[in-house]
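Okay, so here's the structure we're looking at.
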There are 2 protein chains.
Amino acid sequence: MTGTRRAGTQSLPFRSVAAKRRSPRLAISLDALDSHLGYFIRRVQIWVFQDFIRTMKPVDIRPAQFSALVVIGANPGLSQAELAATLAIERARLARLLHRLQARNLIRRLQSGDDGRRHALQLTPQGRTLLARAKTLAARHERRLIEKLGAAPHEMLLQALRDF
Amino acid sequence: MTGTRRAGTQSLPFRSVAAKRRSPRLAISLDALDSHLGYFIRRVQIWVFQDFIRTMKPVDIRPAQFSALVVIGANPGLSQAELAATLAIERARLARLLHRLQARNLIRRLQSGDDGRRHALQLTPQGRTLLARAKTLAARHERRLIEKLGAAPHEMLLQALRDF
DNA sequence: TATTGTTATACTCTATAACTATA
DNA sequence: TATAGTTATAGAGTATAACAATA
C-alpha cells in the first residue's frame with residue numbers, strides 16, 4: 001500500500017547496450033531441456049490440472065480434493081495418515097484440505113474406537129452425491145486427455161506410471 | 001499470534017459415533033483414480049521435482065529457473081514474452097523469476113534497440129559458468145529418472161510427451 | 001518414545017488484474 | 001488499441017517445525 005511503485009525499466013541497469021535482434025525469432029531451441037523428461041511431464045501436468053479444474057467448476061472440486069474424496073469413498077474408515085500416505089500429501093496439508101471438505105459437509109471425521117488418535121474418514125450422503133457427479137465430470141476430462149494423447153499412448157503411459 | 005490455539009479434536013463434531021476399524025488396512029483402493037493418468041503424472045512430477053531440487057542444491061537453482069537459464073543460454077537475445085510462451089510460464093511470474101536471476105548476476109536484460117518495450121535476455125559470464133555446472137547436475141538427475149523408469153519407457157515417454 | 005492430527009510459518013506456484021511505457 | 005514488462009494480490013501447493021493427545 002505505502003511502498004514506492006515504479007513501473008518499467010527500473011531493474012535494467014544495462015540499458016546503454018542495445019540488442020541487435022529485430023525480427024521475431026522463428027524457432028526457439030529447448031537445448032538441454034529436450035532430453036529432460038521432467039520438463040515435458042511438468043507441461044502435461046499443467047495442462048491436465050487446468051483442464052481438470054475447468055471441468056470440475058460445476059462442483060468446485062480441485063484435483064487434490066477429488067483424489068481425497070475418491071479414496072475416502074472407496075475406503076471408508078481409513079485414517080488421515082493412511083490417506084496421506086496413499087496420496088503422497090503432507091499430513092499437515094491434508095488436515096487443512098479435509099477441514100474444508102468437512103466444512104462443506106462432504107466428509108465426516110469420526111473418532112476411532114480403539115485408537116483415540118485416529119480419525120476414521122467417511123463421506124456424508126451429500127459427499128457421496130457430489131462425488132458421483134464429480135466422477136462423471138472427471139471421466140469427461142479423461143476423455144479429452146485420451147483424445148489429445150491418442151488412446152494407445154494414453155494406455156501406455158498409464159501402464160508405465162502406475163507403479164512408479 | 002493472538003489467536004486461540006487448541007490442538008486435537010477441535011473440529012470433530014461427530015465424536016459420539018465410534019468407528020469400527022481396528023487393524024491396519026492391508027490394501028487401500030485407488031478406485032477411479034486408477035484410470036486417471038493425471039493422478040499418476042502428478043505423482044511422478046512430485047518425485048521429479050523433489051529429486052531435481054535436491055540434486056541442484058549445490059547451485060541453488062529451481063526447476064523453473066533452470067529451464068529459463070537453459071533457454072536463454074541457447075537463444076541469447078530472446079524477449080521475456082518469447083521465453084514465457086516457450087516455457088508456458090506466466091509473464092508476471094517470469095518477471096519476478098528473472099529479477100532474482102538478475103540479482104544473482106546470472107542474466108542480463110538489455111533494452112532492445114528497435115523496440116523499447118522488449119528486453120533482450122542473455123546470460124552473464126557467471127551465468128554461463130553456473131549453467132554448465134547445473135547441466136551436469138541435471139544430467140545426473142535424469143540418469144536417476146531413467147534408472148527408476150527403465151531406459152525404454154523413459155524414451156517412450158519422451159517421444160509421447162514432446163509434442164503434447 | 002513414537003504416532004496421529006493440528007497449527008504456524010515461509011516460500012513457490014498459479015491466476016488475475018491494474019499499471020507504465022511503448023508501439 | 002495492442003503489446004512488453006512490472007507490481008500486487010489471493011489462493012493453492014510444498015516443506016518444516018512445534019505442539020497436544022494418545023499409544
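Residue numbering restarts at 1 for every chain, and letters A, B, ... go by the order of the sequence lines. What you see below is based on every heavy atom in this structure, not just the backbone, and it leaves out hydrogens, waters and symmetry mates.
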Phosphate contact (C/dT12 OP1 or OP2) by B/Gln65 side-chain N/O below 4.0 Å: no
If I take atom CZ in residue A/Arg96 and atom C1' in nucleotide C/dT9, what distance separates them, rounded to the nearest angstrom? 10 Å
For C/dT12, does OP1 or OP2 lie under 4.0 Å from any side-chain N or O of B/Arg100? yes
Please state how far atom CZ in B/Phe66 lies from atom P in C/dT12, giving the value in whole angstrom units. 19 Å
Is A/Arg117 side chain donor-acceptor paired with the C/dT3 base, going by distance under 3.5 Å alone? yes
Taking only N and O in the side chain of A/Gln80, is any of them less than 4.0 Å away from OP1 or OP2 of C/dT6? yes
With a 4.5 Å heavy-atom cut-off, do B/Leu37 and A/Val44 have their side chains touching? no
Could you report the tightest heavy-atom contact between B/His36 and B/Phe40, atom names first, then the distance? O-CD1, 3.4 Å
Quick one: A/Asp51 CG to C/dA15 P, roughly how many Å, whole number? 12 Å
Taking atom P of D/dG5 as reference, at what distance in whole Å does atom CZ of B/Arg108 sit? 18 Å
Phosphate OP1/OP2 of C/dT6: any A/Arg109 side-chain N/O under 4.0 Å: yes
Which whole-number value in Å describes the distance from A/Asp115 CG to C/dA2 P? 17 Å
For A/Arg43 and B/Thr86 the tightest heavy-atom approach is NH1-O, 2.6 Å
Can you check whether B/Phe66 and A/Tyr39 have ring centres sitting under 6.0 Å from each other? no
B/Arg118 CZ to C/dA21 C1', in whole Å, measures 15 Å
Non-hydrogen atoms of B/Val59 and B/Arg104 that approach each other most closely: O-NH2, 3.0 Å
Whole angstrom is fine here: how far is it from CG in A/Leu83 over to C1' in C/dG5? 13 Å
Would you jot down, in residue-number order, the residues of residues 84-94 of chain A having a non-hydrogen atom under 4.0 Å from DNA chain C? A/Arg91, A/Ala92
Does this structure show an ion pair linking A/Lys135 with B/Asp31, if we count only N-O contacts that are shorter than 4.0 Å? yes
Using whole Å, what does the distance between atom P of nucleotide C/dT14 and atom CZ of B/Arg42 come to? 14 Å
A/His99 side chain N/O closer than 4.0 Å to the phosphate oxygens (OP1, OP2) of C/dT7? no
Give the minimum heavy-atom separation between B/Ala138 and B/Phe52, together with the two atoms involved. CB-CE1, 4.1 Å
Of B/Ala81 and B/Gln50, the one whose closest nucleotide on DNA chain D sits nearer the 5' end is B/Ala81
